[in-house]
Amino acid sequence: MQKNPLKIIQEFDQSIWQDDLQRKMLSSGKLQQLIEQDGIRGITSNPAIFEKSISGSSDYDSDIKRMSRQGYTVEQIYETLTVDDVQMAADQFRPLYDSSDGRYGFVSLEVNPHLAHDVNGTIDEARRLWKALSRPNVMIKIPATDEGITCIEQLISEGLNINVTLLFSLSRYRDVVQAYIRGLESRAANAVPLDNIASVASFFLSRIDVLVDPILKNIKRDRLPGADIVDRIYGKVAIACAKRAYLIYQEVFESKRFEIEALLEKGARPQQLLWASTSTKEPEFSDIKYVEALIGPNTINTLPGETIDAYRDHGRPQPRLTDDMDEAQQVLESLADLDISIDQVTQQLEEEGIQKFIKPYDSLLETLQKVSR
């Protein structure tokens, strides 16, 4: 019998997480099946996922009506529902977390997206959610905005597990890594444990290509300067960014730099890179494009259900993450030759990403208001 490709990926020290969380998945045994049969090692959630889950089913209606009768606000109902789901998922992952000495088995919950540029608000909500969840194998998701960098450092120093989300640019990734290190250094200075801290940096991929590829198409169609190099980089920018991000990871966490070695000696763990937004948006490309190219050690790939199914069916896992690193650099340099600023692209994506979470969050609150009447 052929071995499940999703499990073979583990042989290359990469973990697959599910990019979805629904109550039916928890109550039906579907999550347990994913853990046992596919080797899924974690779950991530966001406001868009919860909006689809709660608004798209009647699974939550009785709880919503009950809390409404008890005088809960819609914000309190939202938080209670999401905390309950994350706790249930974390409990199902707990045996994996315990058996792996805290390396696998995490579930993530995001702070209110309206707080993306509010340092104090984000820190306060993260602390409150962390306390409410009361599970060692949960992560609080913090967006990688300028303000988020400050929050990450502070919350890591306080011992929270952090999933840094909405990360698009290489320069911002360096900021995230340094915030993580500073947070660990603060803990070390206070002589508190480092070995119980887990963090991931979630690098969003497909949205980069979705924004850049139409620009490249237009350059080729209109025969603008540089049209001859478009075919060499079309559909490759996001993966090139991911590969260069991994070089930064190696430079920081696998180097002989004194501050890293000192922290690792005290039990600290590297902040893992997580590939997010990994469903292929263009039908001309493989539906497992963002999985095959990015298999590498000490990384995570979080996949929606349809991509998990696709990879189970026709994935061909091999450790390809460090292949063609020079080509990745050439792809990014070619953007500049075409007068495409990757910094402007990633800044736009960060701003749009926040709005893509705010809209479903607000929509869900409206739905809760209707159901609770």
Side-chain angles (χ1 to χ4, degrees), residues 17-27 30 43-89 107-118 121-122 124-126 128-129 132-133 138-145 147-148 163-168 202 204-207 210-211 276-279 281 302-307 348-373:
W17 286 10
Q18 166 97 357
D19 191 23
D20 193 12
L21 180 55
Q22 302 176 38
R23 183 159 295 182
K24 188 169 291 185
M25 179 192 305
L26 303 171
S27 59
K30 174 65 173 177
I43 277 188
T44 188
S45 66
N46 60 49
I49 287 173
F50 278 122
E51 194 275 336
K52 181 179 178 182
S53 175
I54 296 172
S55 299
S57 77
S58 59
D59 297 343
Y60 301 84
D61 288 359
S62 60
D63 285 344
I64 294 169
K65 292 182 182 299
R66 172 182 55 78
M67 285 186 280
S68 176
R69 290 194 299 269
Q70 293 173 347
Y72 284 56
T73 66
V74 290
E75 290 84 0
Q76 290 171 328
I77 293 174
Y78 169 82
E79 184 173 310
T80 301
L81 295 176
T82 55
V83 165
D84 285 350
D85 279 7
V86 170
Q87 285 179 322
M88 286 189 283
V107 185
S108 298
L109 178 62
E110 189 150 351
V111 297
N112 184 331
H114 285 283
L115 300 173
H117 298 295
D118 182 343
T122 294
D124 288 345
E125 174 144 322
R128 187 167 50 76
L129 290 175
L133 288 164
V138 296
M139 290 185 175
I140 306 299
K141 295 181 79 171
I142 306 294
T145 57
E147 295 82 359
N163 179 338
V164 183
T165 188
L166 290 178
L167 179 57
F168 297 96
S202 297
F204 281 53
L205 299 174
S206 65
R207 296 185 194 180
V210 166
L211 184 55
S277 184
T278 51
S279 61
K281 306 301 190 291
T302 179
L303 310 179
E306 60 270 21
T307 308
Q348 178 180 336
L349 288 170
E350 178 185 304
E351 294 167 1
E352 291 176 351
I354 294 168
Q355 292 304 313
K356 286 181 178 179
F357 285 161
I358 286 176
K359 288 180 180 178
Y361 175 85
D362 289 346
S363 175
L364 178 53
L365 293 189
E366 292 176 5
T367 298
L368 293 175
Q369 187 71 54
K370 294 175 182 176
V371 174
S372 64
R373 288 171 182 165

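- Residues V111 and P143 have side chains in contact (heavy-atom distance under 4.5 Å, counting atoms from C-beta outward).
- Side-chain contact check for T367 versus I54: every heavy-atom pair is 4.5 Å or farther apart.
- By the 4.5 Å heavy-atom criterion applied to side chains, S45 and L109 are counted as neighbours.
- With sequence neighbours excluded, the residues satisfying salt bridge (Lys or Arg N to Asp or Glu O under 4.0 Å) with R23 are D63, D85.
- Within a 6.0 Å radius of NZ in K24, other residues, nucleotides and ligands contribute 12 heavy atoms or fewer.
- Not counting sequence neighbours, D84 has no partner by the salt bridge (Lys or Arg N to Asp or Glu O under 4.0 Å) test.
- At least one side-chain heavy atom of V86 sits under 4.5 Å from a side-chain heavy atom of V138.
- Put simply, the side chain of S363 never gets that close to the backbone of K359: no donor and acceptor are under 3.5 Å apart.
- Under a 3.5 Å cut-off, the side chain of S58 and the backbone N or O of D61 do not form any donor-acceptor pair.
- Two residues are said to be in side-chain contact when any heavy atoms from C-beta on lie closer than 4.5 Å; S68 and V74 fail this criterion.
- Atoms CE and NZ, from M25 and K30 in turn, are 7.5 Å apart once rounded to the nearest 0.5 Å.
- The CG atom of L365 sits 9.5 Å away from the CD1 atom of I77 when rounded to the nearest 0.5 Å.
- Nearest heavy atoms, P304 versus T278: CD-OG1, 4.1 Å.
- In the displayed structure, K281 atom NZ is contacted under 6.0 Å by more than 12 heavy atoms of other residues, nucleotides or ligands.
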Verdict with reasoning, N163 to S202, per side-chain contact (heavy atoms from CB on, under 4.5 Å): CA-CA 7 Å; N163 179 338; S202 297; 2.7 Å; yes

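- A salt bridge links E79 with R128: at least one charged nitrogen is closer than 4.0 Å to a carboxylate oxygen.
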